Q: 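Provided herewith is a single structure, encoded as structure tokens, for subsequent inquiry.
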2 protein chains.
Amino acid sequence: MLLSKSTEYGIRATLYLTSLKQEGYVSIRDISDELDISFHFLTKIFQKLTQADLLQSFRGPRGGVALARPADQITLLDLVTAIDGPALFTECVLGLPGCGERKPCPLHEAWGPERDNLKALFENATLASMAADLETFDLRLKILHL
Amino acid sequence: MLLSKSTEYGIRATLYLTSLKQEGYVSIRDISDELDISFHFLTKIFQKLTQADLLQSFRGPRGGVALARPADQITLLDLVTAIDGPALFTECVLGLPGCGERKPCPLHEAWGPERDNLKALFENATLASMAADLETFDLRLKILHL
DNA sequence: TATATTTAAGACAATTAAGTCTTTAATTAA
DNA sequence: TTAATTAAAGACTTAATTGTCTTAAATATA
């Protein structure tokens with residue numbers, strides 16, 4: 001699996017938050033209800049994003065979470081690295097510690113450009129651009145209940 | 001993480017087996033000792049590869065494992081899908097069941113070509129080509145003990 | 001000030017992945 | 001035929017991830 005469940009949830013939830021375009025804070029409960037994600041689990045994921053300064057949170061009535069900066073200044077790469085860490089973009093595909101130019105693994109050369117592509121893709125996708133796509137193409141963030 | 005530990009081990013071990021260019025069977029113990037992979041764990045991984053007809057195994061003295069077909073006819077994609085399954089190349093990046101052309105997630109369009117690249121990379125890398133690189137460039141499969 | 005609302009934090013449980021150990025079956029060779 | 005060698009199979013343990021629950025802290029409002 002490319003992304004952990006935590007990261008999958010984090011992306012969907014943050015994207016949903018963005019799409020609401022709400023002035024103030026949005027409660028985590030509203031988001032978890034809407035996207036069918038465990039409230040407590042989502043709370044923990046948001047805590048990571050808050051600690052990484054991607055979100056702001058506020059306690060008490062009318063509290064919740066909000067983007068910490070404009071939606072065009074938060075990328076998918078920000079979200080992924082804040083939750084899963086940078087391993088996907090830094091570590092050897094074969095898990096060999098110390099794999100590098102000096103003594104590379106058999107996939108090193110081929111994986112380098114591929115990893116850069118992936119990173120570029122994640123870097124170019126901002127919450128703003130994705131939220132725009134969301135509107136334009138009526139994309140989905142929810143699981144369908146049949 | 002892109003690949004599971006099982007797949008990482010499976011690739012390294014199969015590649016090592018290929019590089020030996022041995023006529024008969026190579027014992028799993030020899031491979032696990034050489035690459036510092038748990039013997040029993042590697043045995044299970046090889047069992048999957050044997051069941052997927054990528055390896056042949058033989059019990060008893062002078063037994064072990066061997067490639068089931070020429071090294072240029074086994075790809076990295078074969079190994080990855082045999083061990084981890086095809087999810088990486090088939091499932092939605094955001095984990096939305098039913099994500100597809102009809103009702104795609106916000107990453108669907110961007111991820112499609114990227115996934116195809118990745119798949120092509122894994123499909124073009126055969127055990128033969130990687131083993132050749134291994135010789136030519138003195139690449140490494142082992143963890144370095146300092 | 002008291003109560004309700006909301007996130008923070010941490011304990012705990014369930015599930016999955018990773019790793020170990022033991023027994024069985026197949027095969028060779030003495 | 002007996003003993004040694006090797007993979008197969010499955011039980012078991014450990015660790016990591018995922019998910020749940022409870023309590024504490026912060027804040028607003030009545």
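To find a chain, count down the sequence lines: A is the first, B the second, and so on, and within it residues start at 1. Side-chain atoms are counted along with the backbone in the values below, which use heavy atoms only and exclude waters and symmetry mates. If you're wondering where the values come from, they're calculated on a predicted model, not measured in any experiment.
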Q: Does the side chain of A:Phe122 reach to within under 4.5 Å of the side chain of A:Leu79, using non-hydrogen atoms?
A: no
Q: Would you tabulate the side-chain donor-acceptor contacts of residues 60-72 of chain B under 3.5 Å, counting partners in other chains and residues two or more places apart, or write 'none'?
A:
unit_1, atom_1, unit_2, atom_2, d
B:Arg69, NE, B:Gln73, O, 2.9
B:Arg69, NH2, B:Gln73, O, 3.1
B:Arg69, NH2, B:Asp78, OD2, 3.4

Q: In whole angstrom, what separates A:Gln47's CD from C:dT6's P?
A: 17 Å
Q: Below 4.5 Å, heavy atoms only, C-beta onward: do B:Leu17 and B:Leu55 meet side chain to side chain?
A: yes
Q: Please report the distance, rounded to the nearest Å, between CZ in A:Phe46 and C1' in C:dA9.
A: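 Interatomic distance, CZ of A:Phe46 to C1' of C:dA9: 17 Å.
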Q: Is there a side-chain contact between A:Met1 and B:Leu88 (heavy atoms, below 4.5 Å)?
A: no
Q: Considering only heavy atoms from C-beta outward, does the side chain of B:Glu135 approach that of B:Ser19 to under 4.5 Å?
A: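 No, their side chains stay 4.5 Å or more apart.
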Q: Figure out the CD1/C1' separation between B:Ile83 and C:dA18, and round it to whole Å.
A: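 Between C1' of C:dA18 and CD1 of B:Ile83: 14 Å.
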Q: Using side-chain heavy atoms (C-beta onward) and a distance below 4.5 Å, is B:His108 in contact with A:Leu139?
A: no
Q: Which atom names give the shortest non-hydrogen contact between A:Ile83 and A:Gly10, and what distance separates them?
A: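 Taking every non-hydrogen atom into account, CD1-CA, 4.0 Å.
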Q: Output every pair passing ring pair (Phe, Tyr, Trp, His ring centres under 6.0 Å) with a member in residues 22-52 of chain A, not counting sequence neighbours, ordered by first then second residue.
A: A:Tyr9-A:Phe41, A:Tyr25-A:Phe58
Q: What residues in residues 58-67 of chain B put a non-hydrogen atom under 4.0 Å from any atom of DNA chain C?
A: B:Phe58, B:Arg59, B:Gly60, B:Pro61, B:Arg62
Q: Less than 4.0 angstrom from a charged side-chain N to a carboxylate O is my criterion; do B:Arg115 and B:Glu91 meet it?
A: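 Not counted as a salt bridge, because no side-chain N and carboxylate O are separated by less than 4.0 Å.
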Q: Between the main-chain N or O of B:Ser4 and the side-chain N or O of B:Asp84, is there a donor-acceptor pair closer than 3.5 Å?
A: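 Indeed, once roles are kept as given, a pair shorter than 3.5 Å links the two residues.
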Q: Take the protein atom CG of A:Leu17 and the nucleotide atom P of C:dT7, then report the distance between them rounded to whole Å.
A: 11 Å
Q: Are A:Arg12 and B:Leu96 side-chain neighbours, meaning at least one heavy-atom pair lies under 4.5 Å?
A: yes
Q: Going 5' to 3' along DNA chain D, which are the first and last nucleotides with any atom under 4.0 Å from a heavy atom of chain A?
A: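 Boundary nucleotides touching chain A, in 5' to 3' order, are D:dT18 to D:dT29.
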Q: Would you mind checking if B:Glu34 and B:Arg29 are paired as a salt bridge, meaning a charged N to carboxylate O distance below 4.0 Å?
A: no
Q: Is A:Asn124 close to A:Thr75 at the side-chain level, that is, under 4.5 Å between some pair of heavy atoms?
A: no
Q: Which atom pairs link the protein and nucleotides 19-21 of chain C when you take only N or O atoms and keep those under 3.5 Å?
A:
unit_1, atom_1, unit_2, atom_2, d
C:dG19, OP1, B:Tyr9, OH, 3.4
C:dG19, OP2, B:Tyr9, OH, 3.2
C:dG19, O6, B:Lys44, NZ, 3.1
C:dT20, OP2, B:Ser38, OG, 3.0
C:dT20, O4, B:Lys44, NZ, 3.0
C:dC21, N4, B:His40, ND1, 3.2

Q: Using rotation axes that map the C1' atoms of four end pairs onto the next four (five pairs an end), what angle separates the end axes of the helix from C:dT1-D:dA30 to C:dA30-D:dT1, to 10°?
A: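 That helix gives 10° between its end axes.
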Q: Please determine whether a side-chain nitrogen or oxygen atom of A:Gln51 lies at a distance below 4.0 Å from atom OP1 or OP2 of C:dA9.
A: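 Yes, such a contact exists.
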Q: Roughly how many Å is it from CD1 in A:Ile45 to P in C:dA8, rounded to a whole number?
A: 13 Å
